[in-house]
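Some notes on the structure that comes next.
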Protein chains: 2
Amino acid sequence: MSNKNIGIKDVAVAAGVSVTTVSHVLNEVAYARISPETRGKVRSIAEQLGYGPNRLAQALRTQRTGMLGLVSEGIATTPHAGHIILGADEAAKARGYNLMIINTSGSASLESRQADVEALLERRVDGILYATMYHRNVELPANLGSVPSVLVDSVATGGNITAVIPDEEGGARAAVGALLAAGHTRVGFINNTDDVPATSQRLHAFRATLTEAGLDGDAAPVESEVSEVQGGYEAARRILAREDRPTGLFCYNDRMAMGAYRAAAELGLSIPADLSVVGFDDQELIAANLHPGLTTVALPHYEMGAWATEHLIDAVEGKTDLALMAPHPTILSCPLVRRDSIAAPRQ
Amino acid sequence: MSNKNIGIKDVAVAAGVSVTTVSHVLNEVAYARISPETRGKVRSIAEQLGYGPNRLAQALRTQRTGMLGLVSEGIATTPHAGHIILGADEAAKARGYNLMIINTSGSASLESRQADVEALLERRVDGILYATMYHRNVELPANLGSVPSVLVDSVATGGNITAVIPDEEGGARAAVGALLAAGHTRVGFINNTDDVPATSQRLHAFRATLTEAGLDGDAAPVESEVSEVQGGYEAARRILAREDRPTGLFCYNDRMAMGAYRAAAELGLSIPADLSVVGFDDQELIAANLHPGLTTVALPHYEMGAWATEHLIDAVEGKTDLALMAPHPTILSCPLVRRDSIAAPRQ
DNA sequence: GTTCTTGTTGCTCATCTGTCTCCCACGTCC
DNA sequence: GGACGTGGGAGACAGATGAGCAACAAGAAC
């Protein structure tokens with residue numbers, strides 16, 4: 001257990017050497033030539049005294065804090081933020097960095113979000129991660145540019161900043177592909193009504209995947225509603241009321257899929273025997289707990305957090321130039337998570 | 001937008017005064033005698049230049065960082081951590097503090113958790129919040145004691161540290177009370193099997209509340225299973241198979257309630273017409289999205305985070321002595337959240 | 001009416017926080 | 001008299017803090 005009132009100076013006195021020497025030894029300074037005996041003595045005394053470096057003083061001197069700022073939207077609103085934080089925290093810890101986290105709101109004014117960044121800047125974080133709650137275009141506070149920064153799960157409007165986002169199209173293709181692979185030929189899509197990248201990209205992938213499989217992608221049924229359980233329910237009721245009722249349903253997210261489950265139950269349709277369902281998001285609380293378990297596409301929140309942190313640290317340490325990556329966002333894949341909601345269609 | 005290369009010195013030069021004067025003005029030092037004109041000039045020049053204080057240097061000198069460490073378990077595993085973080089972040093921000101967050105695992109070794117605390121200590125946080133994932137007894141790293149600390153959602157084993165926990169009994173009483181108020185006389189409890197405070201306290205409150213209402217609390221049916229959806233399902237099947245089938249069900253948590261919903265559906269029991277259900281936790285993803293919406297008891301995670309932060313800051317600023325509060329944990333109430341899963345029993 | 005005292009105002013100097021880092025100073029041995 | 005081996009001194013990082021110093025005014029003593 002370390003006593004935080006012990007400084008390098010105390011170690012120096014106790015070891016009978018100069019402060020400089022202690023610093024050299026403890027930091028293993030390359031050019032410092034100090035005898036093994038002295039090194040040993042300094043180290044053992046430092047340990048005895050429970051010396052721990054004062055990172056503040058270090059940071060002041062070296063202009064490096066070893067801290068990364070993370071401004072995250074909706075920390076408590078979705079489980080997504082938690083995964084981003086976790087990915088970032090583990091990546092940061094692995095390289096000796098720590099995280100300063102500030103919660104913000106996507107709907108907060110630009111000034112208030114700028115103030116959040118300002119707080120981080122005053123504390124001299126080495127870099128900033130800016131994470132949004134869902135994949136969209138954000139307007140970034142201007143002061144973000146003053147240190148290396150990476151955007152997580154969004155792209156900046158008109159912005160030239162390194163960003164990492166999920167592969168919406170690939171995920172949607174995997175979802176639809178799983179339905180096709182199970183033998184379904186009548187596949188419907190329950191889509192979101194928001195104007196976000198996911199809405200159009202998943203729709204596009206849905207149609208394209210069907211078409212590439214020799215089906216009529218353009219004619220495949222699509223119903224849109226707000227992306228909540230109730231919306232999913234309503235859209236599913238409509239889509240399942242068609243005379244060419246789909247046997248496979250791709251849902252914009254797990255919540256909508258949950259609504260689809262209810263619609264199916266009300267119609268006496270058993271999942272997956274009568275209807276196969278795929279979701280999106282892999283919100284474990286929902287997907288794993290529905291009955292049967294929902295096969296869905298996972299969003300790589302953990303991975304995005306980790307990727308962003310890795311590259312941010314690389315940039316901070318001069319191993320990378322973020323500007324090179326800024327023009328195009330990095331796309332991380334969305335893997336299919338298989339559970340029990342897909343089966344072959346009835347003959 | 002502030003340029004972080006501007007220091008107090010630059011302001012001093014531009015204003016034609018000494019560094020000391022700038023510091024005095026900007027910090028509104030009480031005993032400093034400086035003319036209003038000079039004050040005005042300093043302030044306007046500071047603003048013009050976009051001066052922002054270097055909190056590192058400040059902290060080094062004043063021995064106050066304005067940072068609070070938060071070590072939290074399972075940041076991504078439950079939504080609970082997010083609420084604690086949010087409560088802490090908002091309380092901290094309101095008083096000019098920021099949060100350094102470190103994720104840890106409840107199952108991690110004591111040494112590894114001690115290292116987490118050590119990282120915070122090296123950065124000279126003013127205080128530490130230690131949050132667990134669920135209400136239980138934890139063994140705390142010893143170095144936690146070196147700065148003011150507050151434990152969130154747990155009590156320390158044998159520990160003398162200020163803690164804040166949820167009112168398990170009160171919450172359970174509210175849940176059972178709601179069932180009784182609706183007119184139910186045959187009420188069952190689906191309990192957890194883990195040996196945590198909630199298990200025994202909720203059971204106790206369940207029986208006591210029934211007894212106080214003139215029913216036979218000791219004879220009321222209780223079935224225990226692992227506190228997941230499947231466990232809830234199994235326990236509900238058992239409890240609903242009794243000949244004196246309960247018309248009201250209190251479930252240990254929302255996940256178990258979700259299982260009970262399925263059991264009821266399979267038995268052709270409609271909620272709430274044939275069976276009223278109350279959960280615990282208010283996990284919105286589940287409770288609000290089940291059909292009908294689940295009436296449940298909310299755990300005060302946000303409030304605990306905020307309470308802990310408030311009191312921690314008070315202690316840091318010398319306004320409170322945490323030792324006074326250490327002997328007994330503070331208990332925060334668990335309010336009932338009414339949705340649509342309770343109705344009067346059929347005649 | 002001049003000088004001295006005392007008080008007030010307005011601001012600055014020196015020092016401190018804990019650590020790093022460039023540069024220099026010894027001695028010793030060829 | 002260089003080269004080598006060992007180690008130390010003195011800023012610097014950015015700001016905080018309390019003692020201290022001019023300058024001036026009012027009042028007092030002569």
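What's counted below: heavy atoms across the whole structure, side chains too, no hydrogens, waters or symmetry copies. In the text below, chain A, chain B and the rest are named by the order of the sequence lines, each starting its count at 1.
- Taking a cutoff of 4.0 Å between a charged side-chain nitrogen and a carboxylate oxygen, E28(A) and R39(A) do not qualify as a salt bridge.
- Looking at which nucleotide of DNA chain C each of A32(B) and A57(A) is closest to, the 5′-most match is held by A32(B).
- Sorted by first then second residue, the ring pair (Phe, Tyr, Trp, His ring centres under 6.0 Å) pairs that include residues 59-89 of chain B, not counting sequence neighbours, are H80(B)-H301(B).
- We find that CZ of R61(B) is positioned 10 Å from P of dG18(C), with the value rounded to whole Å.
- Residue pairs meeting the ring pair (Phe, Tyr, Trp, His ring centres under 6.0 Å) criterion with at least one member in residues 92-139 of chain B: none, sequence neighbours excluded.
- More than 12 heavy atoms of other residues, nucleotides or ligands shown are found within 6.0 angstrom of CD on Q48(A).
- For the pair I8(A) CD1 and dA12(D) P, the computed distance is 19 Å after rounding to whole Å.
- Straight-line distance from the CG atom of L56(A) to the P atom of dA14(D): 14 Å, rounded to whole Å.
- With sequence neighbours excluded, the residues satisfying ring-ring contact (aromatic ring centres under 6.0 Å, His included) with H311(A) are W307(A).
- Looking at heavy-atom distances under 4.0 Å, I34(B) makes contact with sugar-phosphate atoms alone, never a base.
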Output one line per pair: protein atom, nucleotide atom from nucleotides 28-30 of chain C, and distance, for all N/O pairs under 3.5 Å.
none

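- Looking at residues 35-47 of chain B, you'll see S35(B), T38(B) sit with a heavy atom under 4.0 Å from some atom of DNA chain C.
- Atom pair Q58(A):CD and dA14(D):C1' shows a separation of 17 Å (rounding to whole Å applied).
- Taking a 4.0 Å limit (strictly below) on heavy-atom distances, residues 9-26 of chain A reaches DNA chain C at T20(A), S23(A), H24(A).
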